[in-house]
Amino acid sequence: MLKNAEVRVLVMLKNAKKNTLAMTDLTRRLNVNAGIRVEEKNEILKTLQDLGYITIECKKIPAMRRTPTLINLTAEGGKIVKGIESGSVEFSEN
């Protein structure tokens with residue numbers, strides 16, 4: 001069963017442009033909106049990645065000096081979000 005914070009991440013990705021967020025944006029949103037620290041965020045992302053709901057990639061963008069880490073919602077993750085929205089997938093409040 002997914003935890004509330006994991007569901008929050010999946011919903012953020014679903015609502016993001018191209019179902020993708022930069023790691024810095026996700027970290028800021030989780031910290032500001034939910035008070036989730038970096039260690040907790042890393043645990044959440046690892047769990048979602050192990051379940052196959054997200055992918056994490058470092059993408060080289062020629063116009064940028066930095067290489068951003070991007071988090072993408074997979075098709076399986078999208079199905080889970082739809083299930084959560086419809087009420088067919090349950091999640092824990094913890």
Side-chain angles (χ1 to χ4, degrees):
M1 184 177 291
L2 291 173
K3 295 177 183 172
N4 189 23
E6 294 165 345
V7 170
R8 184 184 299 256
V9 169
L10 292 175
V11 170
M12 277 190 241
L13 288 168
K14 179 191 173 274
N15 293 330
K17 185 177 177 182
K18 297 185 180 180
N19 296 335
T20 301
L21 277 175
M23 182 74 78
T24 53
D25 290 338
L26 181 69
T27 301
R28 181 178 35 78
R29 289 180 188 190
L30 287 174
N31 190 310
V32 170
N33 296 334
I36 294 174
R37 296 178 312 217
V38 173
E39 301 84 26
E40 294 172 294
K41 177 206 65 170
N42 292 339
E43 184 179 317
I44 291 166
L45 294 178
K46 177 72 173 136
T47 300
L48 292 175
Q49 189 175 26
D50 290 347
L51 291 170
Y53 299 159
I54 65 168
T55 59
I56 300 173
E57 64 177 312
C58 291
K59 187 168 185 170
K60 182 110 173 117
I61 299 174
M64 295 179 68
R65 291 183 183 177
R66 298 174 40 213
T67 304
T69 301
L70 301 177
I71 305 162
N72 305 296
L73 183 67
T74 64
E76 187 64 29
K79 290 178 191 175
I80 293 299
V81 174
K82 284 183 184 175
I84 290 166
E85 291 173 342
S86 70
S88 63
V89 174
E90 294 182 12
F91 61 95
S92 165
E93 292 296 323
N94 298 330

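By convention here, the first residue in the shown sequence is residue 1.
Remark: E57 does not engage K59 in a salt bridge, criterion side-chain N to carboxylate O under 4.0 Å.
Within the 4.5 Å cutoff, the side chain of L73 has heavy atoms near those of the L10 side chain. Looking at T74 and T55, their side chains come closer than 4.5 Å, going by heavy atoms from C-beta outward. Side chains of K82 and K79 form no contact here, defined as non-hydrogen atoms less than 4.5 Å apart. Contact annotation: the side chain of Y53 approaches that of L2 to within less than 4.5 Å [non-hydrogen atoms, C-beta and beyond]. R29 has its side chain out of reach of R8: every pair of non-hydrogen atoms, C-beta onward, lies at least 4.5 Å apart. Counting only heavy atoms from C-beta outward, the side chains of E6 and T47 approach each other to under 4.5 Å.
K41 and L30 get closest at one heavy-atom pair: CG-CD1, 3.7 Å. Nearest heavy atom pair, residue N19 against residue K14, reads OD1-O, 3.1 Å.
Atom CD1 in I36 sits 10.5 Å away from atom CD in E43 (nearest 0.5 Å). Note that CD1 of I71 and CD1 of I54 are 6.0 Å apart. Values are rounded to the nearest 0.5 Å.
Of the residues L48, L70, N72, L45, the one that meets the side-chain contact (heavy atoms from CB on, under 4.5 Å) test with I56 is L45. Test D25, N31, T24 against R28 for side-chain hydrogen bond (donor to acceptor under 3.5 Å, both in side chains) and you get one pass: D25.
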